[in-house]
Amino acid sequence: MSEYRFEDIESRWQRRWSETRVFEVDVDVSRPKFYCLEMLPYPSGDIHVGHVRNYCITDVVARFKWMRGFNVLHPIGWDALGLPAENAAIKRGVHPEQWTRQNIAGMKRQLVRLGFSYPWSREVATCDTEYYRWNQWFFLKMLEKGVAYRSKAPVNWCPSCHTVLANEQAQGCECWRCHSAVEERELDQWFLRITDYQDQLLDDMRQLTAWPERVLLQQRNWIGRSEGAEIDFMVEGGAPLRIFTTRVDTIFGATFMAISPEHPRIEELIGGASGEACIRQDLARLRAQDRRARQAGEVEKEGVFTGRYAVNPYNGERIPIWAANFVLMGYGTGAIMSVPAHDQRDFEFARKYGLPVRVVIQPAGENLDGDMLAEAYEGTGVTSATGDFSGLRNDEAIRLMTEHAEKRGFGRAAVTYRLKDWLISRQRFWGTPIPVLYCEKDGMVPVSYDDLPVVLPKGAPFTGEGGNPLDKVPSFVEARCPRCGGRARRETDTMDTFIDSSWYFYRYLSPCKQDGPFDPEAVRYWFPIDLYVGGIEHAILHLVYARFWTKMMRDLGLVDFAEPVVRLFPQGMVHKEGEVMSKSRGNTVAPDEVIAEYGADTLRLYILSVAPPEMALEWSDESISGAQRLIHRVWRLVDRHIETIAAVSAFSASVDSQAERDLRRKTHQTIQRVTRDIEERMHLNTAVAAFSELVNEIQRLEDRLDSESGRVVLREAVESLVLLMNPYTPHLCEELWKRLGHQEDLVRHAWPVADPEIAREETIEMAVQVNGKVRGHIVVPQASGEEEIRQGALAEPKVRAHLEGQEVLRVVVVPGRLVSIASRRS
RNA sequence: GCGGGCGUAGCCGAACUGGCAUAGGCGCCAGACUUAGGAUCUGGUGAGCGAAAGCUCGUGAGGGUUCAAGUCCCUCCGCCCGCACCA
């Protein structure tokens, strides 16, 4: 009996896969393709079993698709630019590139050790100059089209990361990377006009039928499309003030206006007011309130009267203009009409400052009084006390009142979005240099295409102080203007690394291409991505950017479709001791130790068997022994039958004993189950249960299979098992396959096909219920008719006993399932 | 507050369109084989009652629809995730 030595087996097959380049693929129009993608990992150092889970899922699907005859692209690369490398440089004095390359080498070794089916010739690292040069190329294209632009704007600054952040990356006023509170700064920065695509990003969600609804929902919320109207209120002694509202139907109930303390016109409005100094002091206090708490509505509503009045264009009413902390400059126009009767925020504010509350929408069958209200009424109803617009259903009022504003020229229907343009400048070194120059004479000048790439310089000082190290490299900063040849200063901001990950899946198709970011022919063949597996935390960062990027490329004429990913599959997190496993929590389990003790196949099988891939998985060191045992059982099973099995010829003998029929049936049922579990349902864990059942069944029957035909059946069962398990435990299965006398690599071998005739049960055991309780079982032939089953059920002794003295009211026969008898005392 | 998800044995989890709840694994118990076992194999393992056949209860709680509910509907509880003064 031979021993299962996973170190030998796994290293041998890993070597073979590498030497025979078995996972390398090319465009082959004669075969159907499958593009199986996992999210680009950041090379932080060690991978933990959380990452491993992601890659196990795609590896099972990739190997399965191979065996189903697809031409499978399952590439991997590295999200290799970004802050941690630079922080490591500051801390330890290693260059970010060196740190990154070392980490990549280490992680690559781990991935190879896990036996994943990657075409390594397509490996891409975004810190390769040949990668990021295309970031620069895209940037120049976008600059030409006006998609990239530079603008001064209030932006989010992370004091700990020493750089600005995009809106998406500072949700809840917290830095997505380090969770520091971000500050607002007014800076000149580079943006991408993602807002040009906001409606497409929403509308094209219709195409994303294989994306989880919660991801689409998160994206919809983030884009935050809101339909309403813009109305200009005249300001006494000043220019009109524009507000945005979704409830123009309540405008007759506006009893004051409120503007953000940060509103650009605030100085003008308070200028010359009585008590100006006091007002200014109050404003300063409001502005100093914690930004996050203010945005989250956690601070009490406060404000100050500016001393000025506006005029409601619908009724000519004069209303005071207040500055209020609950009005945010970042949304709409930064000014609102306040309708306390119909908006809870306005209501709270009005009560605090004694401002009038006037009801103008009456709910059906009620007559609300502003002075009596305990809270705002925000529902639907009929307009009242609204002049010419009285007595209308409020949705109708919105339509008519908007029309009125348009006719009179003081307002119009308008749509507001929460999405902001993508701020891509970063004041850090380890990113793609933005390819522009600032000439003393010509101003901002793009680097010419011929001068790409603009390469990150060697020898930058990583001190952690004094801003971006790029600023301190004269050979980088000092340049010639491509237009006039005069002195120019190079832009030292680098790009957000989310740019790198917005299009890497195109680069995989032609990673060495010199004259373009990717080969259009290859895109035509491989795209769209059939399956994209990764963490849910990217629902509105990476995945919105990536969708935008493809649309932008389509508008550049580079691709002819709008959405890159057919099916998105967010895998569940791995937890340990009830918490998400992560480096920052310090509760990671490294695959290396597990592999050293159990082998890669056991780790893979365990991770996949314990929970469905989309659900959270609680890591447990104990239950891994279940996977280990299954592998040992399969190993020994093949081992003890290898000689008898190898001796039998292909299928010939007739199958006649009960044991033979039982095992054949189980074999074909298992093929059906596993195929469906992987292909249709992605229930990768239940397939493992099916493996166990088949092994159990083989062991139960093996002693009764020593005839010629028995050995044939046994061979079919064992070989099917090896084929079915191959996506999960490829080293083991390749080894067993070879021992079983085959030459071919398993990925090249066809997936087994079930014969439904063989898989079908000969007889069916059906439960018989009497008044909802199972009282007996009957065994009927497969082909029984309903009447036959019905008679059998009524004749079953235990059923008869329960029907004693009862009148049968109804008999429901569900063929193949059960019989349900309803009765009552007669 | 709004939106989404989840809640099944001691633990992880099965149960596709309503159809015998608890497949498979872990753990535990017993037995076999063994110099030995943390190896392997076999059997058992939801709760209560019972000598047994069997009966009753049982999918977070309560109600409903149905011949039949883990699954559908209503009310509530708990946990997780997302959004949140968005005008």
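For clarity, every value in this text was computed on a predicted model and none was experimentally measured. First the proteins, then the strands, lettered A, B, ... as listed; each starts at 1.
Contacts of A:Arg676 with the nucleic acid, taken as non-hydrogen atoms under 4.0 Å apart, include base atoms. Across all strands shown, A:Asn696 has heavy atoms under 4.0 Å from sugar-phosphate atoms exclusively, and none from any base. A:Ser338 comes within 4.0 angstrom of no nucleic acid atom, judged by non-hydrogen atoms across all strands. Across all strands shown, A:Ser820 has heavy atoms under 4.0 Å from base atoms, whether or not it also approaches the sugar-phosphate. As judged by a 4.0 angstrom heavy-atom cut-off over every strand, A:Arg681 is placed among residues touching the sugar-phosphate backbone only. Heavy atoms of A:Gln769 sit under 4.0 angstrom from at least one base atom. If you check every strand for non-hydrogen atoms under 4.0 Å, A:Arg775 touches sugar and phosphate atoms only. Within the 4.0 angstrom heavy-atom criterion, base atoms lie near A:Val327. A:His575 comes within 4.0 angstrom of nothing in the nucleic acid, heavy atoms only. As judged by a 4.0 angstrom heavy-atom cut-off over every strand, A:Ser609 is placed among residues making no nucleic acid contact. No engagement by A:Met766 is indicated, since no non-hydrogen atom pair under 4.0 Å with the nucleic acid exists. Counting any heavy atom pair closer than 4.0 Å across all strands shown, A:Ala690 reaches no nucleic acid atom. At the heavy-atom level, A:Val299 lies under 4.0 Å from base atoms of the strands shown. Using a 4.0 Å heavy-atom cutoff across all strands shown, A:Leu818 reaches at least one base atom of the nucleic acid.
B:C26 and B:A36 have their P atoms separated by 25 Å, with the value rounded to a whole Å. A distance of about 22 Å separates the P atoms of B:U22 and B:C6, rounded to the whole Å. To the nearest whole angstrom, the two C1' atoms, one in B:A53 and one in B:G19, are 27 Å apart. Between B:G27 and B:G82, the two C1' atoms lie 36 Å apart (nearest whole Å). When the C1' atom is used for both B:G70 and B:U8, the distance is 7 Å, rounded to whole Å. Distance check on atom C1': B:C79 versus B:A68 gives 31 Å, rounded to whole Å. With both ends at atom C1', the span from B:G25 to B:G13 equals 8 Å, rounded to whole Å. B:A21 and B:A30 have their C1' atoms separated by 27 Å, with the value rounded to a whole Å.
The listed nucleotides are B:C16, B:C26, B:G54; the one nearest the side chain of A:Ser623 is B:C26. Distances were taken from every side-chain heavy atom of A:Ser692 (C-beta onward) to each of B:G19, B:G25, B:C16; the shortest belongs to B:G25. When distances are taken from the side chain of A:Val774 to each of B:C20, B:A87, B:U40, the shortest belongs to B:C20. The A:His777 side chain lies nearest to B:C20 when the options are B:G13, B:C20, B:G3. For A:Val812, counting side-chain heavy atoms from C-beta on, the closest listed nucleotide (B:C86, B:C41, B:C67) is B:C67. The nucleotide whose nearest atom lies closest to any side-chain atom of A:His683 is, among B:A87, B:A15, B:G27, B:A15. In this structure, of B:A23, B:C20, B:A87, it is B:C20 that holds the atom nearest to the side chain of A:Glu765.
Summarising the geometry, the separation between CZ on A:Arg817 and C1' on B:A21 is reported as 14 Å, rounded to the nearest angstrom. At whole-Å resolution of the value, NZ in A:Lys773 and C1' in B:A68 are 12 Å apart. Atom CZ in A:Phe244 sits about 7 Å away from atom P in B:A87, given to the nearest Å. In this structure, CZ of A:Arg53 is placed 14 Å from P of B:C12, rounded to the nearest angstrom. Atom pair A:Asp621:CG and B:G38:P shows a separation of 19 Å (rounding to whole Å applied). Rounded to whole Å, the distance from OH on A:Tyr417 to P on B:C86 is 19 Å. Counting to the nearest Å, the P atom of B:A87 and the CD1 atom of A:Ile321 are 22 Å from each other. Rounded to whole Å, atom C1' of B:C86 lies 14 Å from atom CD of A:Gln198.
Aromatic rings from A:Phe349 and A:Phe256 are positioned such that their centres are separated by under 6.0 Å. No close placement of the A:Tyr417 and A:Tyr331 rings is indicated, their centers lying 6.0 Å or farther apart. Taking the six-membered ring wherever Trp is involved, the centroid distance between the rings of A:Tyr606 and A:Tyr598 does not fall below 6.0 Å.
Checking the phosphate oxygens (OP1, OP2) of B:G27, a side-chain nitrogen or oxygen of A:Arg629 falls inside 4.0 Å. The phosphate of B:C16 has neither OP1 nor OP2 within less than 4.0 Å of any side-chain N or O from A:Arg673. Residue A:Arg220 places no side-chain N or O under 4.0 Å from the OP1 or OP2 atom of B:G82. Contact between the side-chain N/O atoms of A:Arg418 and the OP1/OP2 oxygens of B:A87 is not found at any separation under 4.0 Å. For B:C67, neither phosphate oxygen OP1 nor OP2 lies less than 4.0 angstrom from any side-chain nitrogen or oxygen of A:Asn771. Look at A:Lys798 and you'll find a side-chain N or O under 4.0 angstrom from OP1 or OP2 of B:G54. Between A:Gln699 and B:U42 there is a side-chain N or O to OP1 or OP2 distance below 4.0 Å.
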Could you spell out the base pairing of RNA chain B as a dot-bracket line? Use Watson-Crick and G-U wobble contacts where both distances are under 3.5 Å, [ ] for crossing pairs, | for partners on a different strand.
(((((((..(((......[....)))((((((.......))))))((((....))))..(((((..]....))))))))))))....
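Counting only N and O atoms by type, the side chains of A:Thr380 and A:Asn394 include no donor and acceptor under 3.5 Å apart. Looking only at atom types and distance, the side chain of A:Ser623 has a donor-acceptor partner in the side chain of A:Ser620 under 3.5 Å away.
Both A:Ala689 and A:Arg247 sit near RNA chain B, but only A:Ala689 has its closest nucleotide nearer the 5' end. Residues A:Val819 and A:Arg214 both approach RNA chain B. Their nearest nucleotides, taken by heavy-atom distance, put A:Arg214 toward the 5′ side.
Judged purely by atom type and a 3.5 angstrom limit, A:Asn587 uses its side chain to pair as donor or acceptor with the backbone of A:Val580. A:His342 places a side-chain N or O within donor-acceptor distance of the main-chain N or O of A:Val360, the cut-off being under 3.5 Å. The closest donor-acceptor contact from the side chain of A:Asp639 to the backbone of A:Ser2 lies under 3.5 Å. A donor-acceptor pair under 3.5 Å is formed between the side chain of A:Thr306 and the backbone N or O of A:Ile321. A distance-only check finds a donor-acceptor pair linking the side chain of A:Lys420 to the backbone of A:Gly330 [under 3.5 Å].
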Check step by step if side chain to side chain donor-acceptor pair (under 3.5 Å) holds for A:Gln289 and A:Asn325.
CA-CA 9 Å; A:Gln289 286 176 338; A:Asn325 62 347; 3.1 Å; yes
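For the pair A:Glu697 and A:Arg704, the salt-bridge criterion is not met [side-chain N within less than 4.0 Å of a carboxylate O].
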